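What you see is a predicted model; the values in this text were computed from it and never measured. So you know, we letter chains A, B, ... as the sequences are listed, proteins then strands, and number each from 1. Only heavy atoms go into these numbers, but all of them, side chains included; no hydrogens, no water, no symmetry mates.
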Number of protein chains: 2
Amino acid sequence: MRIGKVAERAGVSVRALRYYEEQGLVIADRSPSGHRQYPESAVERVKFIQLLYAAGLTSKAIRQILPFLETLVATPQMTRRLTDERARIRGQIDALTRAHDRLEELIRLAAEYENSPATCSPSADVTASHTSPPRH
Amino acid sequence: MRIGKVAERAGVSVRALRYYEEQGLVIADRSPSGHRQYPESAVERVKFIQLLYAAGLTSKAIRQILPFLETLVATPQMTRRLTDERARIRGQIDALTRAHDRLEELIRLAAEYENSPATCSPSADVTASHTSPPRH
DNA sequence: CTAGAACCTCACGTCAACGTGAGGATCAAG
DNA sequence: CTTGATCCTCACGTTGACGTGAGGTTCTAG
């Protein structure tokens, strides 16, 4: 399969695929004329790479994890990398969840204002990081 | 309060605080000599800014949301911004959760391999290791 | 009074994951 | 055979949130 088709099916740009090769994340055969030739499996591989990128992993971190997919051989270092990244992602989810909850709180206040602008509490400490009190 | 103290208490760098001012996220008085003077509330404000940065908001997005904290006046656009960002964060949490689950799956496979490498790989040459050998 | 800590303003450097031409070769269809 | 789509390799540009000096002023403790 050629690069354009892989890009289309994996939902990434052609440039991204060339970049992934440059980073050692995908390997492509070459036709006699120099065009990249990908196996079918490349599509799933690229999708997985995208998943990890979306989770905040760097090219380097992905490159260190990818060999496990092929060999399924888990060295202690490999296990360590996997669990480390899992921990990082958990932390990231926590941070996002905190931000989400704070925004939700603000959205609730906004809704209260839209329902009755005149009666809104004048000095709620909106920046404080306490959790909202139990609503009855 | 001066910039160094605010930085320390909010857990950010002095440079970051100057950058936030440049971006219009915090306002600081100036002493006659030109040193920035922050109110106590600046610490919480900066922590909130950091929370939003950590959730992937840009300076611009934060700048558009911050006025709501002071006025508590919710225009339709403000409500829109808040809910839009909440949606974005939810999407981000979803993506992270998918990556997390996928890593967990790999970690499970790695653990299986470490428990019985022979069933995963033909080469059973186990050199001296401090990990506990398989007990019959 | 003096030294060092803390502050100031430029202004260039960084890093990652690509985007965006430039300039040219190759492929697929009519 | 030609033409338009697709591909190639450089190689510089982009974006965001700061880092990092350079060169100079101000504050504060002894």
Going 5' to 3' through nucleotides 22-30 of chain D and flagging B where a protein heavy-atom sits under 4.0 Å of the base, S where only the sugar-phosphate is that close, and - otherwise, we get ----SS---
Give the rounded distance in Å between these two atoms: CD of B:Q37 and P of C:dC7. 10 Å
Interatomic distance, B:E21 CD vs D:dC18 P [rounded to whole Å]: 15 Å
Considering residues at least two apart in sequence or located in another chain, which fulfil the side chain to side chain contact (heavy atoms under 4.5 Å, CB included) criterion with A:L66? A:L25, A:R45, A:F48, A:I49, A:I62, A:L69
Could you state the OH-C1' distance from A:Y38 to D:dC7, rounded to the nearest angstrom? 11 Å
Checking A:S33 now: which residues fulfil side chain to side chain contact (heavy atoms under 4.5 Å, CB included) with it, not counting sequence neighbours? A:S31, A:H35
Side chain of B:I3 only, heavy atoms from C-beta on: which candidate in D:dA17, C:dC8, C:dC18 is closest? C:dC8
Out of curiosity, A:E44 CD to A:K47 NZ, how far, rounded to the nearest 0.5 Å? 5.0 Å
Which whole-number value in Å describes the distance from A:L51 CG to C:dA17 C1'? 17 Å
What is the separation between atom CZ on A:R30 and atom P on D:dC8, rounded to the nearest whole Å? 6 Å
Please report the distance, rounded to the nearest Å, between CD in A:Q23 and P in C:dC15. 13 Å
Counting only side-chain N and O atoms of A:Y19, is one of them less than 4.0 Å from OP1 or OP2 of C:dA17? yes
Qualifying salt bridge (charged side-chain N to carboxylate O under 4.0 Å, His left out) pairs, either residue in residues 89-99 of chain A, two or more places apart: A:R90-B:E104
List in numerical order all residues of residues 55-65 of chain A for which some heavy atom is under 4.0 Å away from an atom belonging to DNA chain C. A:L57, A:T58, A:S59
Partners passing side chain to side chain contact (heavy atoms under 4.5 Å, CB included) against A:L96 (at least two apart in sequence or in another chain): A:Q92, B:A55, B:I89, B:Q92, B:I93, B:L96
Output the rounded distance in Å from CD1 (A:I49) to C1' (C:dA17). 13 Å
Of all the nucleotides listed (D:dG19, D:dG16, D:dC8), which has the minimum atom distance to the side chain of B:S13? D:dG19
Counting only non-hydrogen atoms, which of residues 81-94 of chain B are less than 4.0 Å from DNA chain C? none
If you check the A:R36 side chain, which of C:dA17, D:dC7, D:dT9 turns out closest? D:dT9
Indicate if A:M1 and A:V46 have the same hydrophobic cluster label, given that clusters are the connected sets of ILVMFWY residues with side-chain heavy-atom separations under 4.5 angstrom. yes
According to ring pair (Phe, Tyr, Trp, His ring centres under 6.0 Å), does anything in residues 51-93 of chain A pair up with another residue at least two apart or in another chain? List the pairs. A:Y20-A:Y53
Check the distance between D:dG16's C1' and B:Y53's OH and give it to me in whole angstrom. 8 Å
With side chain to side chain contact (heavy atoms under 4.5 Å, CB included) as the test, would you mind laying out the steps for A:M78 and A:V73 before giving the verdict? CA-CA 8 Å; A:M78 181 60 76; A:V73 171; over 6 Å; no
Under the side chain to side chain donor-acceptor pair (under 3.5 Å) test, residues paired with A:E22 that sit two or more places apart: none
Per-pair distances, 0.1 Å, donor-acceptor, side chain in residues 4-14 of chain B, under 3.5 Å, sequence neighbours excluded:
residue : atom : partner : partner atom : Å
B:R9    : NH2  : B:E40   : OE1          : 2.6
B:S13   : OG   : B:A16   : N            : 3.0

Can you give me the N/O atom pairs linking the protein to nucleotides 20-23 of chain C at distances under 3.5 Å, or say none if there are none?
residue : atom : partner : partner atom : Å
C:dT20  : O4   : A:R15   : NE           : 3.2

Is there a side-chain contact between A:Y20 and the phosphate of C:dC18, meaning an N or O under 4.0 Å from OP1 or OP2? yes
Should A:L72 and B:I107 be regarded as members of a common hydrophobic cluster, given that ILVMFWY residues are connected when their side-chain heavy atoms come within less than 4.5 Å of each other, either directly or indirectly? yes
Return the CD1 to CD distance between B:I65 and B:E85, rounded to the nearest 0.5 Å. 5.0 Å
Quick one: CZ on A:R81 to CG on A:D84, what's the gap to the nearest 0.5 Å? 9.5 Å
Looking at residues at least two apart in the chain, or sitting in another chain, which of them share a side chain to side chain contact (heavy atoms under 4.5 Å, CB included) with A:E21? A:V26, A:A28, A:R30, A:R36, A:Y38
